[in-house]
Protein chains: 2
Amino acid sequence: MTAQPRRAGSVGVVDLARDLGVSTATVSRALNGSTAVRPELAERIRAYAESRGYVANRLARALSANTSRAFVGFVIPYVDTPAYSAVAAECARLLSTDGTQMILTVTGNDPEQELRQLRELVASRIAGLVISPTTGVLDETRRLLGGLPVVELHRASGIEAPGVFSDDEQVMVESVLHLAALGHTSIGYLGTPEELSNGAVRLRGIRRGMVLAGLDPERMETRLVEPTKENGYAAAESLLTTGITALVVGGGSLSVGTAQAVWADGRRVPEDLSLVVYGDPQWFALANPPLTTIQVDYAGLARRAAELLIEGLDARHSGAAGPSPGAHLVAPRLLPAGSTAPPQN
Amino acid sequence: MTAQPRRAGSVGVVDLARDLGVSTATVSRALNGSTAVRPELAERIRAYAESRGYVANRLARALSANTSRAFVGFVIPYVDTPAYSAVAAECARLLSTDGTQMILTVTGNDPEQELRQLRELVASRIAGLVISPTTGVLDETRRLLGGLPVVELHRASGIEAPGVFSDDEQVMVESVLHLAALGHTSIGYLGTPEELSNGAVRLRGIRRGMVLAGLDPERMETRLVEPTKENGYAAAESLLTTGITALVVGGGSLSVGTAQAVWADGRRVPEDLSLVVYGDPQWFALANPPLTTIQVDYAGLARRAAELLIEGLDARHSGAAGPSPGAHLVAPRLLPAGSTAPPQN
DNA sequence: ATGAAAGCGCTAACAA
DNA sequence: TTGTTAGCGCTTTCAT
């Protein structure tokens, strides 16, 4: 029999080393695939480790190596929308193939909270992180982010880092043109404020679409509000009084609120109002008629974010340049359905 | 000037101790609120640490203490449903107030993967975890879970641990009675297999409801399938050929698939078919008419899970008993809307 | 190719 | 009340 490890069920390198009559250094080397160990010995060590069910203590490993990709962070502002929670979960899935564990934190869109969380993540020696920044990122936060491989998601905070965003400008252009082609000239837009980087992008797309459609963007009924369902409901109610015949919504929660406001108002879709919503078509397909949706590729965003993060970690390790710090766009799709049709007047 | 810390931007206990002319032990004690340090000194140490922007290395701390609540795990099978991803995110939010970071992992409902993830979590010396077990939990997995404070979520795997579940039996009874009271006698049920603990619970509720309604559960059209949207669509299609006048769905993804199948079939709701779906009413409210929904309290589930986990951690620390290992139920609500009405024949 | 030994940054005995 | 000294379990020089 071999000696009992101190902590029940936990085998360590010293146990392996003792049992095999080699040094802990050799064990470590074998386990980490160092070439500096006789292949046959290495194999024997690995086999024994396996048989003993050895799993390295990630804490000790990371602490010792002082640089490891044991952990990465994922920082999101909200929990109740798939844009964040589903993307986070998908990212965790993808990262696990890299042997990396993902620590998830939620800021509530509060910059102070964000800083606190980030400090704690750094205290856990994360190798890098994906973040959807709050609206008012603090300077200190920015400084901390400067020291790590960072990937921004959905929102940009002005730091020098690669960011993964839905390519909304183009699809917004397309949405407006779609409606214009159907004959609409009174088109409204409900979106998020320009202070949110993605809000600005979407609005720009909308305006460009108006121009391309030969319509005046200045005269378009526009509402820009913080992205909550309630705000969407209220803003939509207000828009419905303006005589528009078509409405584009730029935001997932806003879309839910809008749909509810439209039903509540008794407005028939698409007879009285053509409607283009934004988000996960899985849900909007439930509406009757199914809603024409700007389908965001959440899985694609998660994949790209995971890839960029891993690239960043690799670069940090090898001293290379890392992924280009700018927008990495994932194309959404305009999914035409029954909620858009020619105006009926 | 104080000496430069080795690693840029990182102050350690030794730095603080040196600068203050005390020992690292005293610093550690002060920072951890030990009573065994002169209050005035403690305060001075804390103030200085604060001023230097000291944040303890969580890895070192956890490694040294050999028992800490630096990390907990959260293990889910799927990413694309709010039942998992939103609950996970909310839990992360709640745990952070406890100073605990949450590592999120996804199993893809694969028992092997689940075991691998769990091993890695243990390797990160997690203090405990919340898990939605896969359908075929491996023995080794069970053994590992036995060594930790565990809280089960949504699904039970037969281990001795507290679990947080939606109290679906009661609401299923209620759903059937609701339909029966409207005059339906041909009621169908589409749910998840009995192998899934929550599938069994729901089916039991449905059957009890049938009995209470004076209907024969044996003659009820029933389909039990793995919870995916596609399966829901297919099963619903099949159910629509059976002449039922009302349908209860027990599962979020199944509900989405069902709704789509019903629309595709051209069935009018509620004239041709009364429909009760399951999940987040936010989305089902979009349907026209809005769907009568079994509203699961995801936030409530997350809260309860976080509470139980923390209780478990506290108990482990203090040697107390810990939360009672059984079902902790969170009540869902039947939210009547426009998709249920008396049968029209 | 291998081993001895020095840490990684912290906490916790044990002394004083 | 405070300091000294071992570790926690691993990786990594530096010798050999």
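Chain letters run A, B, ... following the sequence lines, proteins first and then strands; every chain starts at 1. Values reported hereafter were calculated over all heavy atoms of this structure, with side chains retained and with hydrogens, waters and symmetry mates removed.
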Problem - Given D:dC8, C:dT2, D:dT11, the nucleotide with the shortest approach to the side chain of A:Arg61 - result: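 The answer is D:dT11, which lies nearest to the side chain.
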
Exercise for the section: On DNA chain D, check which nucleotide each of A:Ala60 and B:Ala42 is closest to and give me the residue with the more 5' one. Expected result: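 Closest to the 5' end, via its nearest nucleotide, is B:Ala42.
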
Handout entry: Contact nearer the 5' end of DNA chain D, comparing B:Ala36 with B:Leu63
Key =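 Checking each residue's closest nucleotide, the 5'-ward one belongs to B:Ala36.
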
Problem - Phosphate contact (D:dC8 OP1 or OP2) by A:Asn57 side-chain N/O below 4.0 Å - result: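 Answer no for this pair, as no side-chain N or O of A:Asn57 is under 4.0 Å from OP1 or OP2.
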
Practice task
Establish, with yes or no, whether the OP1 or OP2 oxygen of D:dG9 is under 4.0 angstrom from a side-chain nitrogen or oxygen of A:Tyr54.
Solution key: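 For A:Tyr54, the contact criterion (side-chain N or O under 4.0 Å from OP1 or OP2 of D:dG9) is not met.
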
Practice task
Could you walk me through whether B:Arg142 and B:Asp139 pass the side chain to side chain contact (heavy atoms under 4.5 Å, CB included) test, one step at a time?
Solution key: CA-CA 5 Å; B:Arg142 230 176 277 276; B:Asp139 283 350; 4.1 Å; yes

Whole-Å distance separating the [atom1] atom of [X] from the [atom2] atom of [N]:
X       : N      : atom1 : atom2 : result
B:Ile45 : C:dC10 : CD1   : C1'   : 15 Å
B:Arg44 : D:dT1  : CZ    : P     : 16 Å
A:Arg52 : D:dG9  : CZ    : P     : 14 Å
A:Leu20 : C:dT2  : CG    : C1'   : 14 Å
A:Asn66 : D:dT11 : CG    : P     : 13 Å
B:Leu31 : C:dC10 : CG    : P     : 9 Å
A:Asp15 : D:dG9  : CG    : P     : 9 Å

Handout entry: Contact nearer the 5' end of DNA chain C, comparing A:Val37 with B:Ser28
Key =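 The residue mapped nearer the 5' terminus is A:Val37.
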
Exercise for the section: Name the nucleic acid region contacted by B:Ala62, choosing base, sugar-phosphate or nothing; use a 4.0 angstrom heavy-atom cut-off, strictly under. Expected result: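 Nothing, no heavy atom under 4.0 Å.
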
Could you give the distance from [atom1] ([X]) to [atom2] ([Y]), rounded to the nearest 0.5 Å?
X        : Y        : atom1 : atom2 : value
A:Thr107 : B:Arg93  : OG1   : CZ    : 10.5 Å
A:Leu104 : B:Leu104 : CG    : CG    : 6.0 Å
A:Ile131 : A:Phe74  : CD1   : CZ    : 10.0 Å

Measure all distances between protein nitrogen or oxygen atoms and nitrogen or oxygen atoms of nucleotides 3-7 of chain C, and list the pairs falling under 3.5 Å.
from	atom 1	to	atom 2	distance (Å)
C:dG3	OP2	A:Ser23	N	2.9
C:dG3	OP2	A:Ser23	OG	3.2
C:dG3	OP2	A:Thr26	OG1	2.6
C:dG3	N7	A:Arg29	NH2	2.6
C:dG3	O6	A:Arg29	NH1	3.3
C:dG3	O6	A:Arg29	NH2	3.3
C:dG7	N2	A:Ser64	OG	3.0

Problem - Distance-only polar pair, side chains of A:Thr134 and A:Glu114, donor-acceptor under 3.5 Å - result: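 Per modelled atom types, A:Thr134 and A:Glu114 side chains form a pair under 3.5 Å.
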
Practice task
With side chain to side chain contact (heavy atoms under 4.5 Å, CB included) as the test, would you mind laying out the steps for B:Arg44 and B:Leu41 before giving the verdict?
Solution key: CA-CA 5 Å; B:Arg44 199 151 59 86; B:Leu41 212 209; 3.8 Å; yes

Handout entry: A:Asp15 with A:Arg52: basic N within carboxylate O range, under 4.0 Å
Key =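 Answer for the salt bridge query: no.
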
